[in-house]
Amino acid sequence: METGGYPAVAMQKPTLTPKAVIKKRFGDQACYKVEEVVESTEIGCPGLAITQKGPCLYRCSLQLPEVSVVSGTFKKKKEAEQSASELALEKLGIHLTENNPTSEESWDDVVARLKYLFSNEFLKSLHPLSGHLRAALQREGDHCGWIPVSLITICDSKIYNLCKSIDPKVESNPFLVISYVMRAAASLSEVVCTSEGKLWIRRQIQYPHEIIDSVIPKPGSSESFLIRAISIPCLQEKSVEVLNLNVSSTGYYLDFIANQLGLVDASNILVSRPIGKASSETRLYFTAPQSYLLELSSDYLNAKEVIACEGSFNERASYLSGEDIYGDAILASIGYTWKSMDLFHEDLSLQSYYRIILGKIPGGVYKLSRGAILAAELPLAYTTKTNWRGSFPREILCTFCRRHRLSEPVFSTIRTSEAMTSGLNKNLKVNESAVEETQHASGCIVATGAKEEVESGGTFRCEVKIYSKFQDLIIECSPKDSYKRPPDSIQNASLKVLLWLNMYFMNPDMPAERLNCSATELNIQFYPQHLMKAFGLYQSVQNFWHSEIQGGILLQSNRMNMPHTMLGHGIGSFNIEGPDSGVSASNGCLSCISYSVSLLTEGENTKELLESTDEFEFEIGSVSVISHLETVVTQMTVGQSAFFCMDLPPKELILAATDDCERVVPMLASRTCCLEYTITLLRVTEPLEDRMEQALFSPPLSKQRVGFAVQHIKESGATTLVDFGCGAGSLLDSLLNYETSLEKIVGVDISNKSLVRAAKVLHTKLSKKSDADVPFAELKSLVLYDGSILDFDSRLYGFDIGTCLEVIEHMEEDQACLFGDIVLSSFLPRILIVSTPNYEYNVILQKSSLSSQEEDPDDKTQSQSCKFRNHDHKFEWTREQFNHWATELAARHNYSVEFSGVGGSGDLEPGFASQIAVFRRRYPLQGDDLLKDTDIERQYDVVWEWNGGTRSRSAL
Ligand code: SAH
Ligand code: MG
């Protein structure tokens, strides 16, 4: 049985897939037929006919005008089709790549190209290599005209690619390509010459005078200039430092670099590929190890194996460049370009060096793209395109792969089943059936060639695969989340991979168990051996980015739950200044701040500004800034300022941020210091759901929900109320504006951040209790608990009324069902009010939001990319689904249920905007129902408590 054989083969030639080549040649004449093959394996002795059904496999037959072929069997339809295409091409004698020359042809081309590079014509051309050739001709005496061979391979991609097509190993062993060029030179002895034991090359006969005169400037007064480069010593203990290179404008710059490296001349200098951005001229310069030269003089073709070197491996430089570098290295931004005949050069600083290092880590790429090294963090969630700031996940992932010299990531989007089906039971199974349909769906998409087509109503998942340059599969990730638009599913899947990689990079010593665990959490599978091969070097060079200094491990669960589990930690250690404007940012809001970060030495004698921004936007809740910053911002109102101090992050992060390493390095070395953050909250943009609700309803939908609850509280004469999932306390706060019989009010929520806000708001309001006529005169106590409403806490047993407004859709569907059962079997409120969005009403909301948002036409994509009203919603039910759930639930627990709603009308299609169920216990609590002492269960933590204004206690 051949399975999965295809991808590895095809990926080595990334130009076109076999199927694409077939399509190009034959168009509609190509006819693919895919059939299902159920393979059976016999178990036990052959005589016994016990067979086991294997997984479903596919075979593809391909009919072309001249040939027809049948593929082997594959797990995926796609693979079967590609394999059939490949077979057909083979039969037809068509090479997979459009121009796939044989080795001999390539070899002839290498020789011809080398000959051209030393022609008169080339010397006059504008090409990075001709710049070197001209500069080398300015040397006096014996050295005139010699250039390092390594330059030919790095400046001329044609030669490089030809060599690569002869031998793909060229990719990982730059010396191999040099040895190929030397071999070509040997066969061109009438054109070029090389010299024994050296790695340089020059033209055999002199260029004609008139050519030299026309391209080489007359030696005038020799000017020299200084450029700042970075020295990266081979010894790890020696620090990376700025180096001043003095270059004479009439000489050849490589000679000056050679001198810095302690060499007499530039004969054995090697030059790396560009470092950092692909377009940069920043390269590493280093000395060719002696063994290269020995190898060359014996027989270059044996150089195919990676040469073992004499122990002077430069780990830092090798990590930066992705190729093996020995001895001391110099990082410099200098060289000839395609743009000008003149030498390009630019100063580097330690900041540039540390930014290059940062740019090799996913979180670093994100920080750099936001220009906020000390404030931004790779967000934990891809919510909507409109709320994302900085480079998008897909872009970051591609950059990351390029910088680590991996293949481009492979994305495949898969259509899953329709998101909403009618009937609750069907809907509950959506997750499983989506997975089952994956293969089927992907097969369909490929077979019809309609990959990009988005049909209304369908949803998409995405799978990402990361391969090394040699097609070893390193990571694959297939998140279950589905999106309306394929691009969103790609962003989401890319982000998962980035989060995991980032965690790996921040904690390279992380135990395998933790690494596995977080991979599972993110639906990632990784191949440890290939991972080690790709990033092993990082492990040996990194001595920073430790999680404990970073303040919060990057694991999804840990970072998400931190505010919850770290109650009070960090909160309180900051100061907020300015009047409370009442406008604050909650989850899903886009907040805009200005901030600055300074390095402060103990006693505040010295203060050095490291980073500052006038306008910095980020979405609250996706943890796209360092967590402490987000915590502080959620406690502020618009117009307020705050400042707080934090322990130092890794030194490298600070050096990447500051443009004045000279001042900062001694500060870091000599004193204990901290980082001081100063922030001002400039404005807050509410999430789409709130904006829609406010724009479309008057009073706003949230106020209408409160009104609905108040009505029932009044009618019932309730004295005790619990608000399940109280959030930032919008219901509790509003309730205090009405005269009710309530004496005891309790709020529970799982979000500590929201509870802290609720406590603030309620505190302000309740402190007015001493005023003459507040409406809540009867109120004796108000308590806020931190806990999950899926856990029972006996302190909330048997209340008169329970409310749960717009909460259940924030849990997974099965959890929402579980909550229903727990409330009506354990908490046993006399009345329970549950509200949740009516999915059918979204059409109206989305229409109105489109027309009312001309100021930002991009917002369209938000309502489209978000399946539901709010990206945090895990589901939204139709009226039928909600009725089904509530009716069965009530029946199970001997409650009655009535349906109602707010926003719109129940009598008109598509019903209320928010649908509401009111449950009533059909029996009084007595006897067996009453709690016994043994039943006491305390699952919740008191966050804040108010007792009639006499005593007030807070756990904050
Ligand atoms: N009822 C509030 C808040 C609605 S937002 C209002 O109408 O304004 C949904 C809230 O449910 C969030 O604050 C979220 O933290 C909370 N929540 C989600 N799952 C929860 C759980 N398992 N236990 C407690 N609260 C939960
Ligand atoms: Mg909601």
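Start at 1 and go down the list; that is how both ligands and their atoms are numbered. Hydrogens, waters and symmetry mates are skipped; everything else that's a heavy atom, side chains included, is used. Starting from 1, each residue takes its place in the sequence as its number. Every value quoted in this text rests on a predicted model; they were computed, and no experiment measured them.
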Discussion item. Is there a polar contact between ligand 1 and D723, counting only N or O atoms under 3.5 Å apart?
Written reply: no
Worksheet item: Are Y738 and F776 an aromatic pair by the rule of ring centers under 6.0 Å?
Response: no
Worksheet item: Aromatic ring centroids of F827 and F792 under 6.0 Å?
Response: yes
Practice prompt. Select the closest option to atom 12 (C) of ligand 1 among D749, D786, N587, judged by heavy-atom distance.
Written response: D749
Discussion item. Can you tell me if L731 contacts ligand 1 (heavy atom of the residue under 4.0 Å from the ligand)?
Written reply: no
Discussion item. Please check whether R705 reaches ligand 1 - meaning an N/O of the residue sits under 3.5 Å from an N/O of the ligand, judged on distance alone.
Written reply: no
Worksheet item: Without hydrogens or angle criteria, can the side chains of T803 and D723 be said to hold a donor-acceptor pair below 3.5 Å?
Response: yes
Worksheet item: Could an N or O of ligand 1 be found under 3.5 Å from any N or O of H810, whether backbone or side chain?
Response: no
Fill in: Side chain Q915, main chain P837, donor-acceptor under 3.5 Å
yes
Discussion item. I'd like to check which ligand 1 atoms, numbered from 1 as shown, lie under 4.0 Å from a non-hydrogen atom of S751.
Written reply: 15 (O)
Discussion item. Under the side chain to side chain donor-acceptor pair (under 3.5 Å) definition, can you give me all pairs with a residue in residues 898-912, not counting sequence neighbours?
Written reply: R879-E909
Discussion item. Checking R795 now: which residues fulfil side-chain hydrogen bond (donor to acceptor under 3.5 Å, both in side chains) with it, not counting sequence neighbours?
Written reply: D793
Discussion item. Can you see whether H712 engages E715 through a side-chain donor-acceptor pair at a distance of less than 3.5 angstrom?
Written reply: no
Worksheet entry | F724, any N or O under 3.5 Å of ligand 1 N or O | no
Practice prompt. Ignoring angles and geometry beyond distance, decide whether I789 reaches within less than 3.5 Å of ligand 1 through its nitrogen or oxygen atoms.
Written response: yes
Worksheet item: Of the backbone atoms (N, CA, C, O) and the side-chain heavy atoms from C-beta on, which set of S730 has a member under 4.0 Å from an atom of ligand 1: side chain, backbone, both, or neither?
Response: side chain
Worksheet item: Just which atoms of ligand 1 are under 4.0 Å from any heavy atom in V807?
Response: 1 (N), 11 (O)
Practice prompt. For ligand 1, find out whether one of its N or O atoms is nearer than 3.5 Å to an N or O atom of I750.
Written response: yes
Worksheet entry | Shortest heavy-atom approach to atom 5 (S) of ligand 1 - which of E809, R757, E806, K874 | E806
Discussion item. Quick check on contacts: which atoms of ligand 1 are under 4.0 angstrom from a heavy atom of G725?
Written reply: 1 (N), 2 (C), 3 (C), 25 (N)
Worksheet item: If you measure every N/O of V748 against every N/O of ligand 1, is any gap under 3.5 Å?
Response: no
Discussion item. Looking at ligand 1, would G787 count as a contact under a 4.0 Å heavy-atom criterion?
Written reply: yes
Fill in: Gap between atom OG of S730 and atom NZ of K703 - 0.5 Å precision
7.0 Å
Worksheet item: With atoms numbered from 1 as shown, which atoms in ligand 1 lie under 4.0 angstrom from a non-hydrogen atom of C726?
Response: 2 (C)
Discussion item. Parallel, tilted or perpendicular, judged at 30° and 60°: which one describes the rings of F882 and W877?
Written reply: tilted
Worksheet item: Taking 4.0 angstrom as the limit, do D733 and K765 come out as a salt bridge?
Response: yes
